[in-house]
Amino acid sequence: MYRHTGPIKVFTSEKAAIKALKTQGDINKGDTMVVMGGGPQGTGMEETYQLTSALKQLSFGKHVALITDARFSGVSTGACFGHIGPEALSGGPIGKLQNGDIVELIVDTINLEGKINFIGTKDQPVSYEEGAEILASRPLHPGVGPDPDLPDDTKLWAALESVGGGTWKGCVYDVDKIVATINAGKEALDKNKSENLTVESK
């Protein structure tokens, strides 16, 4: 069993997280780094090997965990938890975490099962249930948003992926669901247009 419980250090970009790793004292043994906004709707599901590679080179790196809604390639090592879903921009809990929060990581390395639990803060510990309620009531971290340079084709993919299952369903398109959502949107727009025309004609 792998277990890690530590304070959260939040970053809304990989660049900011790398800068923290390069700044002595910003990241310490026992910390949990959270990089949010790296999912399909944020940066197009960027690959974050730079972070796991940097942690591997630091003397205390094996005592730091990393959680992100971005992705990892097969070369990443260490306590890294990626592809977290729902992603921050879909309202996922990862986008509600704040500096100083405490997160508990538990991984059964034999059966490949794991849990990530928000358990409050150092001064105010909470149960799993209370933690889930707190995160659900919080707004999205103010620094999280779509990358302004995200290409149009990636924006379209992210939108279809979100409607068709989301990262939490393996980014697999559910074509029937996507078509149903598009048709429902078209019907709603047509209805709204019809209602507006009725109001104007009166």
Side-chain angles (χ1 to χ4, degrees), residues 1-90 92-122 131 135 141 143-147 149-150 154 158 161 166-171:
M1 295 291 288
Y2 167 82
R3 295 177 181 271
H4 178 92
T5 301
I8 288 291
K9 298 286 179 68
V10 172
F11 304 94
T12 57
S13 71
E14 182 186 37
K15 185 177 180 180
I18 289 291
K19 182 178 179 181
L21 286 175
K22 291 181 176 180
T23 305
Q24 188 172 0
D26 277 8
I27 303 297
N28 302 296
K29 178 180 178 180
D31 285 344
T32 297
M33 300 179 71
V34 174
V35 182
M36 57 179 71
Q41 297 179 67
T43 60
M45 205 73 173
E46 66 180 326
E47 202 278 339
T48 53
Y49 171 66
Q50 289 188 82
L51 287 171
T52 54
S53 177
L55 284 169
K56 193 174 182 179
Q57 305 305 316
L58 297 173
S59 60
F60 59 88
K62 65 180 179 180
H63 301 291
V64 175
L66 171 62
I67 303 172
T68 181
D69 52 6
R71 66 183 175 90
F72 299 117
S73 68
V75 295
S76 285
T77 58
C80 50
F81 302 80
H83 301 247
I84 297 291
E87 65 175 299
L89 286 170
S90 285
I94 189 171
K96 312 290 186 69
L97 292 170
Q98 302 172 357
N99 286 325
D101 286 344
I102 303 294
V103 166
E104 171 190 71
L105 306 170
I106 304 173
V107 180
D108 181 335
T109 60
I110 303 299
N111 296 307
L112 300 181
E113 297 175 348
K115 296 180 181 179
I116 300 176
N117 301 305
F118 165 61
I119 55 174
T121 63
K122 181 180 179 181
L135 289 184
H141 189 288
V144 176
D147 188 315
D149 296 323
L150 205 62
T154 305
E161 177 271 338
T167 49
W168 55 103
K169 289 191 177 179
C171 297

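Please read these numbers as outputs of a predicted model, since none were measured by experiment. Computed over heavy atoms, backbone and side chain alike; hydrogens, waters and symmetry mates excluded.
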Might you point out which heavy atoms bring Pro40 and Ala158 nearest each other, and give the distance in Å? O-CB, 3.3 Å

Of all heavy-atom pairs between Pro146 and Leu89, which one has the smallest distance, and what is that distance? N-CD1, 3.8 Å

Heavy-atom check, side chain of His141 versus side chain of Lys96, under 4.5 Å: no

Output for pair (His83 NE2, Arg71 CZ), nearest 0.5 Å, gives 7.0 Å

Main-chain N/O of Gly38 paired to Glu87 side chain as donor or acceptor, under 3.5 Å: no

Should Asn99 and Asp101 count as side-chain neighbours, where that means a heavy-atom distance under 4.5 Å? no

Kindly give the heavy-atom pair with the smallest separation between Thr109 and Leu112, and that separation in Å. O-CD2, 3.7 Å

Could you tell me whether the side chain of Thr23 and the main chain of Asp26 form a donor-acceptor pair under 3.5 Å? no

Let me confirm one number: the NZ-CG distance from Lys9 to Asp31, rounded to the nearest 0.5 Å. 3.5 Å

With side chains defined as the heavy atoms from C-beta onward, is the minimum distance between Val107 and Glu113 less than 4.5 Å? no

Report the residue from Leu135, Ile84, Ile116 that forms a side chain to side chain contact (heavy atoms under 4.5 Å, CB included) with Pro93. Leu135

Heavy-atom nearest pair, Thr48 first then Ala70, reads CG2-CB, 3.6 Å

What's the separation between atom OG1 in Thr5 and atom CD in Glu104, rounded to the nearest 0.5 Å? 4.5 Å

Validation row: Val103, Leu97 side chains within 4.5 angstrom (heavy atoms): yes

Heavy atoms of Leu105 and Ala65 approach each other most closely as CD1-CB, 3.4 Å

Would you indicate whether the side-chain heavy atoms of Asn28 and Phe60 approach each other to under 4.5 Å? no

Here's a test for you: under side chain to side chain contact (heavy atoms under 4.5 Å, CB included), which of Thr68, Leu51, Leu55, Thr52 qualifies with Cys80? Thr52

In Å and rounded to the nearest 0.5 Å, what is the CD1 to CG distance from Ile27 to Leu21? 5.5 Å

Set out, in order, the CA-CA distance, both residues' side-chain angles and the distance that settles side-chain contact (heavy atoms from CB on, under 4.5 Å) for Ile8 and Gln98, then state yes or no. CA-CA 7 Å; Ile8 288 291; Gln98 302 172 357; over 6 Å; no

Contact check, side chains of Phe81 and Leu66, non-hydrogen atoms, under 4.5 Å: no

Heavy-atom neighbours of Glu47 CD exceed 12 at 6.0 Å: yes

dist Ile18:CD1 -> Phe11:CZ (nearest 0.5 Å) comes out at 10.0 Å

I would like to know whether His4 and Thr32 meet side-chain contact (heavy atoms from CB on, under 4.5 Å); could you show each step before the answer? CA-CA 9 Å; His4 178 92; Thr32 297; 3.2 Å; yes

Minimum heavy-atom distance Ala88-Gly95, with the two atoms named: CB-CA, 3.7 Å

Distance check, rounded to the nearest 0.5 Å: Thr43 atom OG1 versus Met36 atom CE? 13.0 Å

Do Ile106 and Tyr2 make a side-chain contact, defined as non-hydrogen atoms from C-beta onward lying under 4.5 Å apart? no

